[in-house]
A.B. asks: 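Below is the structure I would like to discuss, written out as structure tokens.
The sequence lines fix the lettering, A, B, ..., with proteins before strands; numbering per chain opens at 1.
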Amino acid sequence: MALLEIKQLNKRFGGLHAVNDVSFQVEPGQIKAVIGPNGAGKTTLFNMISGTFPPTSGSVTFQGRDLRGKKPYQVADLGMARTFQNIKMFNGMTALENVMVGRHVQSNAGFLSSMFRMPWTWKEERAIRDKSMELLALLGIEEHAHTDASSLAFGQQRAVELARALALEPTLLLLDEPAAGLNIYETAEVGRLITKIRDLGITVLLVEHDMSLVMDISDEIVVLCFGEKIAEDLPPAIQQNPEVIKIYLGEE
Amino acid sequence: MTTELFIQYLMAGITYGSIYAIVAIGFNIIYNTTGIINFAQGEFVMFGGMIAISLLHFMPMPLAIALAVIITMVIGALIEICFIRWLKSPSVLRMIIITIGISILSREVAVHIWGESIRSLPYFVGNEISSIPVFGARISPQVLWVVAASALMVIFLGIFFRTTSIGREMRACASNRKAATLCGINTQNMVTLSFILSAGMGALAGCVMSPITYSQYDMGTGLAIKGFTVAILGGLGSSGGAVTAGILLGVIEAFSVSVVPLAFQDAISIAILLIILFVRPQGLFGSKEAAGLSEF
Amino acid sequence: MKKLLSVLPLLAVVIGVHLLTSATDTMYYLTQMTMSAYYSLLIIGLCVLMGYAGQISLGHAGFFAIGGYLSAALTTRSLVPYQDTALVNLLDSVGMILSGHDLYGEAMLVVSPWAACGIAVCTAALIAVIIGIPVLKLKGHYLAMATLGFGIIIYRVALALEYFGEADGISEVPPFPLLSGLTISGNFSDRIQNYYIAWGLLLIGMVLLLNLMDSRVGRALRGIHGSDEAAGAMGVNTSRFKLQTFVLSAVFAAIAGVCLTHYNGGIGPSEAGVMKSVRYVAIVAVGGMANLWGALLMGVVLNFLSLRGVFGSYDDAVFGLILILIMLFAPNGILSLNIRHRLKQLLRRGKQDREGEV
Amino acid sequence: MKKFASKLLMAVMAVSLLAVPALAENIKVGAILAVTGGASFLGGPEARSLEMVVEEINAKGGINGSKIELIIKDSAASPEKAISFAKQLIEEDKVLAIIGPSTSGETMKIKNICEEAETPLLSCAAAEVIVNPVASYVFKTPQKDSFAVKKIFMEMKKMGISKIAVLAGNTGFGKAGKQQLTDIAPEFGIEIVEAEVYDKKSNDLSAVVAKIKANKDVQAVVNWSIVPAQAIVAKNMRQAGWEVPLFQSHGFGNIKYVEAAGAAAEGIIFPAGRLLIADTLPADNPQKALLMEYKKNYEAKFNESASTFGGHAYDAITILAAAIAEVGNDRHKVRAAIENLKNFPGTGGVFSFSAEDHNGLDIDAFQMMTVKDGKFVAYTGK
């Protein structure tokens, strides 16, 4: 069974048909990339998968469960984490605290038990902290754990955001242009990280502009153009696909 | 209910309603150009009435009113220049708090200038007991002045925004501030102008209603709350909506007297507002899209 | 535990103030210190709602009034005319009824203070849930208006109902015996213990909120404030957390209302007024929104000065001015100004200038 | 941060502790008045009257050589502030007595505090509960509202009125009056067929007037209020062409309300203290000289008409001064002296206190009045 199944997904904004009848599947354990020129509907597609807004029609099924009507927090609860194209840090919190928020669905302390600091929350709190530090270490930014997240360099913020998403222990990770704004070395580093994440057993679906990165790491690629899926194949085949070449020649 | 009573309620409702509507339109003018709700709007009404009453010692009434309106416009401009103009994209919360602060401060300034006692302008025509029969009911001629002034202001605004170039620039500024700036419109001056306009309208309303409601230093808050209610009911930013919602609320308040004790009147009208906010936050007459745009 | 330690200096200050006043024979300051502590309890609750969950409330005096009025009415209004009804019997059978004679020898039958307090606080919480669900869906001006409207309704109801004493409010509210020997009352002889009760409550409230902010829930709330969308993507149920915070702050306000009403021996409609709500918002803003210590400090200082009549007839004007100045020049609160840092900068600049001249 | 916070807190405390007021030989009198806020139309004139009288007394060298030090606290009609100020005045300033508060709600909140601290309280608020039941240290100077109600009902009986409508403002004054009207009406065989409470900030009351007018049984209207909005009732009634007699309370005793109601004020009947018609009183009236003097001085000093509200504070301070002159600067003796004060003329009437009566005025303190040509005149019946 596919981990994520998208069937005839449509989104209209007024007269604009942002996503038009898109269907594809993501298999467990793979890195799947969605590419396409600006305005192709990639982020809209992401937002529908993660529950930010509902599709006009069509369905998203995750682990056999229909996500229709699910709010983002419910989708996250089911084991789907995401990052944002323009990084959304929690300002006024340290890098570590940012990641600790990511442990939200993996912990239980509520209002009262937090206020009264019940003994069992101590253990949970320690576990949250340890796991978050571990993730920061995994992404190589543990020395910045206690720095205000918004004052970190751009690349480091990306890493914090990635750690934050991983803290959910997701089965599926949605990455919205993880290499946007990064230089060539940082991009390569991100590519290495994504592969590492996949090797941890987490399925990755990413939207990306940077062709070299996508071709390097993806197991499969979906190409969107003006809201429609025009190709879905293995990277070498996509590189040969005349239609894709036509679209990207104009751009690159 | 007899027809006479019905008409009497209706006229009472229209009187309150017109007053609420003018305050609401004042809110809307500023809201449209800036996205700010000016909680000090009620104080413009107070200043208009109080200044006109003070000037009445030195000059005939029409002149006093005209001068009072102009002075209040200057106050409006000063408020914008001192407190609003130089803030760069302040948050909604910050603006709410600043305008509440301005409102409190204006009230305190007023009490130290004019004292705590009530004053009023004389009736424009007739006196406290003269009335005009309308289908068996009787209304004060001043009510006609209030209604006429409200109507004139709405018409004036309509013409101003549609036909004059400044009015069109203000509208451009309202629909898209950035684009308006790019087109060479000085949006900052448009914002000042919107404060001047709404201060002037508030002041005129303050003069016209003074014989009926009296003027007192702390009259602004109550009016502002009612005006704000009406502005939201009618859909923020819509003048036509404000007039309709104002009269609707006024009439509901007037008729509510026959069902519930007067003491609960305010609670009722606010409860209506809350229900509408929950069900239709865009207001009775606003479009959903507009509400979506103005949610920040 | 660490947070518990962080309020220890404050506890020391509280005891210090007591000792200082008793040494200088100025214990009367403790009266207003006690009242300020109760108002500050409301203010730190509002601080969590406004500063951390990012929701403005222009109606918090309403919750204070619900707590104060209900507790006052239940412990003051005689149930003698209803003594045979099922409800009164039920309350009596669970020990929630006090009977006795009033000052003038008439038979009295009232709800006991603990039960009244419980009813008052639960009612406030319930009302917070009922209005919170729809209200917290609103944003910006709509949220401000809805909470303001809620406050006005409470004010109007207090002013219109005979049961709540209309314009006079409720007087002769009895003391609130917390434990044997500990009583909330305004008697001059109980002043010191009341000072400690009020500050004890405030300290406990502070510890609880500091604990909360430094926990899973607190991080989620701060996350919501930072980015609603990202917090949602992390699995934070933003609307539920906002609602819970709203209820929490309402409970703080109601407890403050209950205690202050018993301390004052009465409550009037001015406690539910719009100006009161605005004042609380002002104090939170001055303290720096998301800053519990700032809110506490400003709550105590400003209320203390106001209750002592330091501002005279300029009381409201002072608050208006503070609001404007803070929002114009220090939107992150007066503590954010970091005066020492500024002064250092200024000095350094002055030095450089002088050196430049040489 | 928190370190800084606690330091600042400490600093504030230290500063406020240093500001301990210097002790003086003066007689300290406290006053808690609603100078601003919702009842400022009471507290304003009251505060001004107090300042004026104290200035006069001190100019004459004080009482038995010691000057009066007046400490006015503005409560803005908030009970919680009145409570705080009362405690402050009693403990910190150690005042001899407290004058005020302006409203009944505030007075009731501090009644027990003053009683416990054995500090005389001379309230300027109307409600009868202030002195009934009697608290030994609590007095009040405004006339009892039950007397006003009886005066009105007596007049109604003469006019043959038996069914009335009651409109009251939503203040303590209105509330107490409404209560007394309801309680006393059966005694006079009068039935209240309509009753409404209006907001103190009302703009227009034509709807509620129309509602009451529609009840054809109503033979007269009693408009019991102390707020400016009471003038609106008169206006709206006359605009509606409704000519039934309009009775008002002693809360109408401010010429500004007559000015506000304009032509609609003509013919309003109400009971009030004689201050309003001081100049028309016969020369042998015990109050005449004092009323004329108060009026003249107040109007000269503040450039506004004297009202009965300011008169209540005037009475309070003059009663207190008389007691001090008799027994000196001692709370307990002053209390006893006030209680023994007899036939003391004030603006509200001639005061004769006793252990049972801490108001000291009888029903004759009221005089029925009406408005003629924009002026208060004695009412002599139709």
A.B. asks: Residue by residue, which of residues 58-73 of chain C have a heavy atom closer than 4.5 Å to a heavy atom belonging to chain B?
C.D. replies: C:Leu58
A.B. asks: With sequence neighbours excluded, tell me which residues meet side chain to side chain contact (heavy atoms under 4.5 Å, CB included) with B:Ser106.
C.D. replies: B:Glu43, B:Phe47, B:Ile102
A.B. asks: In Å and rounded to the nearest 0.5 Å, what is the CD1 to CZ distance from C:Ile56 to B:Arg94?
C.D. replies: 14.0 Å
A.B. asks: For residues B:Phe83 and C:Leu328, report the shortest heavy-atom separation together with the two atoms involved.
C.D. replies: O-CD2, 3.4 Å
A.B. asks: Quick check on the interface: out of B:Leu87, B:Thr99, B:Ile225, who has the most heavy-atom pairs with chain C under 4.5 Å?
C.D. replies: B:Ile225
A.B. asks: Does a side-chain heavy-atom distance below 4.5 Å link C:Phe319 with B:Leu105?
C.D. replies: no
A.B. asks: Side chain, backbone, both or neither: which part of C:Ile152 has an atom under 4.5 Å from a heavy atom of chain B?
C.D. replies: side chain
A.B. asks: To the closest 0.5 Å, what do you measure between CG (C:Asp315) and CD (B:Glu108)?
C.D. replies: 8.5 Å
A.B. asks: Measure B:Ile37 against the heavy atoms of chain C and call it side chain, backbone, both or neither at under 4.5 Å.
C.D. replies: both
A.B. asks: Begin from the C-alpha positions of B:Leu236 and C:Tyr142 and carry the test side-chain contact (heavy atoms from CB on, under 4.5 Å) through to its verdict.
C.D. replies: CA-CA 10 Å; B:Leu236 269 180; C:Tyr142 297 91; 3.7 Å; yes
A.B. asks: In terms of the angle between their ring planes, are B:His112 and C:Tyr314 parallel, tilted or perpendicular, with boundaries placed at 30° and 60°?
C.D. replies: parallel
A.B. asks: Where is the tightest heavy-atom contact between B:Ile97 and C:Ala285, given as atom of each residue plus distance?
C.D. replies: CD1-CB, 4.2 Å
A.B. asks: If you take all heavy atoms of B:Arg107 and C:Met275, which pair is closest and at what distance?
C.D. replies: NH2-SD, 3.5 Å
A.B. asks: Please look at C:Val318 and chain B and tell me whether the side chain, the backbone, both or neither of the residue comes under 4.5 angstrom of a heavy atom of that chain.
C.D. replies: neither
A.B. asks: Can you name the nearest heavy-atom pair linking B:Ala267 to C:Arg156, along with the distance?
C.D. replies: CB-CB, 3.8 Å
A.B. asks: With respect to chain B, which residue among C:Gly149, C:Ala144, C:Pro331 yields the maximal number of heavy-atom pairs within a distance under 4.5 Å?
C.D. replies: C:Pro331
A.B. asks: By a 4.5 Å heavy-atom criterion (distance strictly below it), what part of B:Ile270 contacts chain C: side chain, backbone, both, or neither?
C.D. replies: both
A.B. asks: For B:Phe228 and C:His141, which heavy atoms make the closest approach, and how far apart are they?
C.D. replies: CZ-O, 3.8 Å
A.B. asks: Rounded to the nearest 0.5 Å, what separation is found between the CD1 atom of B:Ile100 and the CZ atom of C:Arg279?
C.D. replies: 13.5 Å
A.B. asks: Which bit of C:Leu138 comes within less than 4.5 Å of chain B, counting heavy atoms only: side chain, backbone, both or neither?
C.D. replies: side chain
A.B. asks: Of all the heavy-atom pairs spanning B:Ile98 and C:Ile324, show the shortest one and how long it is.
C.D. replies: O-CG1, 4.0 Å
A.B. asks: Run B:Phe278 and C:Val135 through side-chain contact (heavy atoms from CB on, under 4.5 Å) and show every step you take.
C.D. replies: CA-CA 7 Å; B:Phe278 300 159; C:Val135 161; 3.4 Å; yes
A.B. asks: Chain B heavy atoms under 4.5 Å from C:Leu148: which part of the residue, side chain, backbone, both or neither?
C.D. replies: side chain
A.B. asks: Need one label for B:Leu277: side chain, backbone, both or neither, based on atoms under 4.5 Å from any heavy atom in chain C.
C.D. replies: both
